[in-house]
Amino acid sequence: MSILSNVEQMYGIKIQRTRQKKDIHKIETASMTYCLKPYKFPEDEIRFITRVLSFLDERGFTRSQKVYPTVQQTAFMIHEGISYTLTNWVDGGRPKFTKKNRFQKREFPP
């Protein structure tokens with residue numbers, strides 16, 4: 001089964017379009033755009049990451065990713081030995097953490 005077929009089954013969504021950017025999949029449905037992100041960390045670290053993101057969401061933070069659970073209510077799925085999370089798609093570029101003055105000015109690329 002392909003990764004996208006597995007996502008449809010595990011998350012109960014119907015994918016209309018996808019685009020891959022490096023290892024991230026941008027997944028579009030009729031109602032929403034998602035980010036499918038792989039993690040090559042131990043499962044306990046992935047659980048920690050998803051708990052942090054869920055904690056932020058529960059506290060009303062709107063500028064972080066929202067983790068969507070599978071139909072079995074797990075925070076991530078595993079496909080061919082790799083763990084994946086499904087979150088909302090956040091527009092913007094990757095921050096360049098090597099530019100220290102961007103943190104001081106709170107400037108990030110679009």
Side-chain angles (χ1 to χ4, degrees):
M1 178 183 296
S2 76
I3 181 71
L4 299 177
S5 296
N6 201 2
V7 168
E8 286 184 321
Q9 182 179 14
M10 293 293 292
Y11 289 94
I13 61 174
K14 179 67 178 147
I15 297 172
Q16 291 185 332
R17 276 185 301 279
T18 64
R19 193 167 85 196
Q20 190 168 350
K21 294 183 172 192
K22 297 190 181 186
D23 59 344
I24 305 293
H25 290 269
K26 183 177 185 178
I27 296 176
E28 296 178 46
T29 66
S31 60
M32 188 147 184
T33 303
Y34 297 97
C35 174
L36 182 68
K37 183 175 183 176
Y39 289 92
K40 295 179 182 173
F41 305 136
E43 285 188 26
D44 59 334
E45 290 183 35
I46 299 166
R47 278 191 212 91
F48 175 77
I49 291 166
T50 58
R51 278 191 213 129
V52 168
L53 292 172
S54 294
F55 177 85
L56 292 172
D57 181 55
E58 291 163 7
R59 299 302 185 276
F61 286 82
T62 59
R63 300 207 184 258
S64 64
Q65 295 171 304
K66 176 179 173 44
V67 178
Y68 292 96
T70 66
V71 293
Q72 291 92 14
Q73 298 302 305
T74 60
F76 59 94
M77 63 172 245
I78 298 173
H79 178 78
E80 296 182 356
I82 299 173
S83 300
Y84 292 86
T85 59
L86 188 70
T87 64
N88 56 308
W89 182 263
V90 178
D91 284 321
R94 283 191 153 188
K96 292 185 173 39
F97 294 114
T98 56
K99 307 262 184 188
K100 186 176 180 181
N101 64 344
R102 288 195 173 195
F103 286 105
Q104 293 167 342
K105 295 179 185 178
R106 292 181 178 86
E107 294 177 7
F108 297 96

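Source: prediction; values computed, not measured.
We find the CZ-CZ distance between Phe48 and Arg51 to be 9.0 Å, quoted to the nearest 0.5 Å. A distance of 13.0 Å separates NZ of Lys37 from NE2 of His25, quoted to the nearest 0.5 Å. Atom OG of residue Ser64 and atom CG of residue Asn88 lie 8.0 Å apart, to the nearest 0.5 angstrom. Taking CD1 of Ile46 as the reference point, atom OH of Tyr39 lies at 8.0 Å (rounded to 0.5 Å). Going from atom CD of Glu8 over to atom OG1 of Thr29 covers 10.0 Å, rounded to the nearest 0.5 Å. For the atom pair CD1 (Ile49) and OG (Ser83), the distance works out to 10.0 Å, reported to the nearest 0.5 Å.
Contacts classified as salt bridge (Lys or Arg N to Asp or Glu O under 4.0 Å) and involving residues 63-77 (residues at least two apart or in different chains) are given here: Asp57-Lys66.
Other residues sharing the hydrophobic cluster of Tyr68, ordered by chain and number and joined by side-chain separations under 4.5 Å: Ile3, Leu4, Val7, Met10, Tyr11, Ile13, Ile15, Ile27, Met32, Tyr34, Leu36, Met77, Ile82, Tyr84, Leu86.
Using a distance-only test at 3.5 Å, with no hydrogens or angles considered, no donor-acceptor pair links the side chain of Ser5 to the main chain of Met1.
Under a cut-off of 6.0 angstrom, the local environment of CZ in Arg59 is crowded, with over 12 non-hydrogen atoms contributed by other residues, nucleotides or ligands.
Shortest non-hydrogen contact noted between Gly12 and Val71 is N-CG1, 3.8 Å.
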Checking side-chain contact (heavy atoms from CB on, under 4.5 Å) for the pair Arg19/Arg17: CA distance, chi angles, key distance, verdict? CA-CA 7 Å; Arg19 193 167 85 196; Arg17 276 185 301 279; over 6 Å; no
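By the rule that hydrophobic residues join a cluster once side-chain heavy atoms approach within less than 4.5 Å of another member, Leu56 and Val67 end up as members of separate clusters.
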